[in-house]
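Taking it in order: structure first as structure tokens, then the write-up.
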Amino acid sequence: MGAKVITITSGKGGVGKTTTTANLSIALARLGKRVVAIDADIGLRNLDIVMGLENRIVYDLVDVVEGRCRLPQAMIRHKQFPNLYLIAAAQTRDKTAVSPSDMVALTRKLRPEHDFILIDSPAGIERGFRNAVAPADEVLIVTNPEVSAVRDADRIIGLLEAFNRGPGQLIINRIKPEMVRRGEMLSAKDVTDILSIRIIGIVPEDETVIPSSNSGVPVTMSENSRAGQAFMNIARRLTGENVPFMQLDATGNLFQRIARLFGGNNSET
Amino acid sequence: MSGFFDRLRGRDRGSKNKAKERLQFILVHDRISLPPEQLAQMKREILEVISKYVSIDEEHVDIALQPRDRTSNKLIAEIPFKRRAHPEEVDEAAQGEILDVIDEDEEETVRVDPSRINEIEKQMDVDEGKQDEQPAQDPTKPSKTTD
């Protein structure tokens, strides 16, 4: 069987799917895992930029699927983490160039040589989403603590169940503990109660995220980013490690607050 | 600064509760693909059917979707009756609505018995004129036309 295929999706755009995929890929690579990140957002290539690999792309996902290159030619190796590869999305081609069975076939070829294959799903619930979800062993649903994002997450969870890929696990991204404390933002507990699915990570809003994607160096690569630490913890959980939500690190104040939002529920992974 | 806002808004009174309420409402409908307007229509129809047979205590009717979890939502209906009604009472209570039903379903009436169209129209004219004097005739009509 080999690698585990993990698809990152959300329904709504702009909630942080690509940032999450980039950071989890790097975090898993830092943990010594052999990782392939695949950008399934055909026509709107982005993952390469967030990972800082945009200048090195020669062949992309559609080239592989249509047989214009061999698979290894489309796998861009990260310089700093030689056990991490990216397969970029095509920038200009027809979205229907790739089918769900193409994705299953592609991941089947990649599985034996790797530990994790992460697929960055496009927004929406169309073909691209179905492509991204088709080969998934596990689906991570990224959402923000906002009504529209949570609603879309719920829709995605319903679809995953219909496709037999459910229920998936939740990542709540861009939470602002200070606003939660003031009662002006849904807490992580509110969101998980409403969606009633398992949560695998809470990522705080962090001003280091945008500069890091500006420079193509995901936050997980630096030690002093809270969001980076949150992503690292999610990566650990993906490898089967039991990482409690509250016991995250030395910036205790913030995470204690997040933990408090979970009430007595801290032992949950 | 945040302390100021805390005092200003009170801790439980932030917009998050609004968000939660709206979400819960939206998701119940999303999950069964039944928009609020259709639910309201369904309620009206349920009550219409029931009130053909019994008199409903409309002030205490409570029909609502109850979300349990993603896969098992249910409709909980509490529809108290006034008491077992005599036919004349049903008739009085529902007269207006029943006449409406006849008007809306004119096509169906025609389809059921096209040859009698003129006769029916005449009869309806007569009914309209005599409405107040002859209410006892009306309740039999809707069951004929809708069956």
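Labels below follow one simple rule: chain letters A, B, ... track the order of the sequence lines, proteins then strands, and each chain is numbered from 1.
- Taking each heavy atom of A:Ser187 and B:Lys16 in turn, the nearest pair found is OG-NZ, 4.4 Å.
- The number of heavy atoms from other shown groups lying within 6.0 Å of CD1 (B:Ile32) is above 12.
- Here the straight-line distance linking atom CZ of A:Arg182 with atom OG of B:Ser15 works out to 9.0 Å at 0.5 Å rounding.
- Residues of residues 149-160 of chain A lying under 4.5 angstrom from chain B, judged on non-hydrogen atoms, are A:Val150, A:Arg151, A:Asp154, A:Ile157 in numerical order.
- Side-chain atoms of B:Leu23 and A:Asp190, non-hydrogen and from C-beta on, never get closer than 4.5 Å to each other.
- For residues 202-211 of chain A, the salt bridge (charged side-chain N to carboxylate O under 4.0 Å, His left out) pairs, not counting sequence neighbours, are A:Arg174-A:Glu205.
- Across all their heavy atoms, B:Lys20 and A:Ile194 have their closest contact at CG-CD1, 3.8 Å.
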